[in-house]
Each structure stands twice: as structure tokens, then as C-alpha cells.
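Reading through the C-alpha cells given below for one structure.
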Amino acid sequence: MNKQSSDIELLKLNIFNPDQLKIHSLETFGTHDGPGIRMVVFVQGCQFKCLYCQNPDSIDVKGGTFIKIEELVQKAVRQKNYFGAAGGVTVSGGEPLLQRNKLIHFFKLLHEQGINTCLDTNGRLNNHEAQELFDHTDILLLDVKHINDDIHRKLTGLTNKNTLEVAAYRESTGKTMWLRYVLVPEWTDQPEYLEEWANYFSNYKTVERVEIIPFHQLGAHKWEGLNRPYLLKDALPPTTESKAAAFKIFSKYFKNVVLK
Ligand code: SF4
């Protein structure tokens, strides 16, 4: 898709069906994206093109289906007893910031019901609307995919500048953030960059937890289904040694590091 047609699709996403979110899928008892038991809403559309993406079918904004925000709130309210004290609703993707205005509304409605909100984002945007959404987010799950901008661009197609700005904004608000890092052999496992990444955030007071997410190939078949070249098709998951090395480096800088 060229830039112009992609901009038109983005406009359509947000102007049409203002009371509906475009989603890829829903998970009712998620335990991987934020604390406790959560309803996880995977939205459709993403402007990154990560080489290692295991949900490439969630990238195209033209895909997915619309669902009424009110219906999602009702589903969450019905599940509220299962959420317990820690759980709630997470919006992941795809990339949630593409539908930021709708999500501000969604999160406000969830808060009215006393439901905790998490946003799992690549932090591509840090404008006024994005910041308003972050302010309505109880825990921001921020994916910082590489600290070196040249490698970040090769890995995702875009700069890490905005993501780092989002982190700085979150820090300025004093609200909780979890950092996430996908460990991909030969792409994100260089010890010098792991040190630089961890050192960059080491003084952040809002970082409550750091998650290392080992690369896997569970979504490889989706690339074939989309008939798109998958450059990491032969890549292996990180070894036990490589995961331990990343864990050791991050643990020098953060108290709460979790290897997923
Ligand atoms: S940000 Fe997430 S959904 Fe978007 S391309 Fe990267 S891995 Fe895939």
C-alpha cells in the first residue's frame, strides 16, 4: 500500500464507525499482557513492519472486523468477577495508537466501571491525543524494540525516536510502565545494545517491570497465508544461554525482570 492510500485507509478507520473499534481478535482470559486475568482486545492495523512479527495478519488496516465499543464494555463488565484485584482489560495489536480517540472513550467507560486498563503499544506516536490515551491507561506496556535507531529502522521500518519520546512522556506523568523487549537472535541479542537499552532506562522511576519476550515461530504460517516474504523464516528462537545472558544484563539495571 502506498502512503496516500494508507492515509485514506487510516482516515476511514477513524471517521467511519466512530463508536466501533476495528479489531483482529479477542482473548477472554489472557494472562500474558499485563497483570492478573485480562480480557485482551487485539486491534487491527499497524504502521510498523517488524521482520519478526508473528501476527502479520493484524498489520493491514483494511483487515479485521468492527465491534461496538459498548459491546466490549459489556463483555468486560460480565467478566469483571474473574479479573480480581489485579486484572482488567488490555488493548494490544496490531497497534492501538491508530485508533487512539476511540480508545480514550473505551478506557473512560472501563474506568467508570472500575476496570483496570493496560495499553500494549510500540509507541509510534506521542501527540496530544496519544498522550490523552496514555493518561487514561493504568499500566503502559511499551515495546522498545531496539535502542539503536539504524537497527530499529531495519527491524521495524520506522525510527525509535517516537517510542523513546513516549517513554519520556510516561516518566514525566509518574504513571506505571512496563517495558517489553523481544529477543531475536542476531537482531536484538547483541550484549552491547542490551547494555545500552537497559542503561537508557535505568533511572526511570515509572518502570515497574521489564519483560524479555523470546522470539518464536508460532505465527510463521501466517506470512505464507498472506503470500508475503518472511525474511526470518529460518531464524531460530534464542538459546537458553542467550536468554540467560539477556536476563543477566537487564537484571543489573532493573529489580523486576521477567523472562517470558
Ligand atoms: S509492532 Fe507488533 S503488530 Fe506491528 S509489525 Fe511489529 S510485531 Fe507486528
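Atoms within a ligand are numbered from 1 in the order they appear, just like the ligands themselves. In this chain, residues are counted from 1 in sequence order.
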From CA spacing to verdict: side-chain contact (heavy atoms from CB on, under 4.5 Å), Lys222, Tyr230: CA-CA 9 Å; Lys222 296 182 186 173; Tyr230 176 39; over 6 Å; no
Within ligand 1, which atoms have a heavy atom of Asn122 less than 4.0 Å away?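 By the 4.0 Å cutoff, the relevant atoms are 1 (S).
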Any atoms of ligand 1 less than 4.0 Å from a non-hydrogen atom of Ile59? List them with their elements. 5 (S)
Nearest-contact summary for [atom] - protein heavy atom, Å:
atom                    : value
atom 3 (S) of ligand 1  : Gly94 N, 3.6 Å
atom 2 (Fe) of ligand 1 : Lys145 NZ, 4.1 Å
atom 8 (Fe) of ligand 1 : Cys53 SG, 2.3 Å

Taking everything shown except Glu186 itself, do over 12 heavy atoms lie less than 6.0 Å from its CD? no
Any idea how Tyr82 and Phe29 line up, ring-wise: parallel (<30°), tilted (30 to 60°), or perpendicular (>60°)?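 Geometry flag for Phe29 against Tyr82: perpendicular rings.
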Contact check, Gln54 vs ligand 1, heavy-atom distance below 4.0 Å: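 For ligand 1, residue contact (heavy atoms, under 4.0 Å) with Gln54 is absent.
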Please state whether Asn55 comes within less than 4.0 angstrom of ligand 1, counting heavy atoms only.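 The answer is no, since Asn55 has no heavy atom less than 4.0 Å from ligand 1.
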Closer than 2.8 Å to atom 6 (Fe) of ligand 1: does that hold for any N, O or S atom in Cys50? yes
Could you grab the distance from atom CG of Asp138 to atom CD1 of Ile115, nearest 0.5 Å is fine? 11.0 Å
Check ion pair [X]-[Y] (N to O, under 4.0 angstrom):
X      : Y      : answer
Asp149 : Arg153 : yes
Glu112 : Lys108 : no
Lys252 : Glu195 : yes

Just checking: Cys46, one of its N/O/S atoms, less than 2.8 Å away from atom 4 (Fe) of ligand 1, yes or no? yes
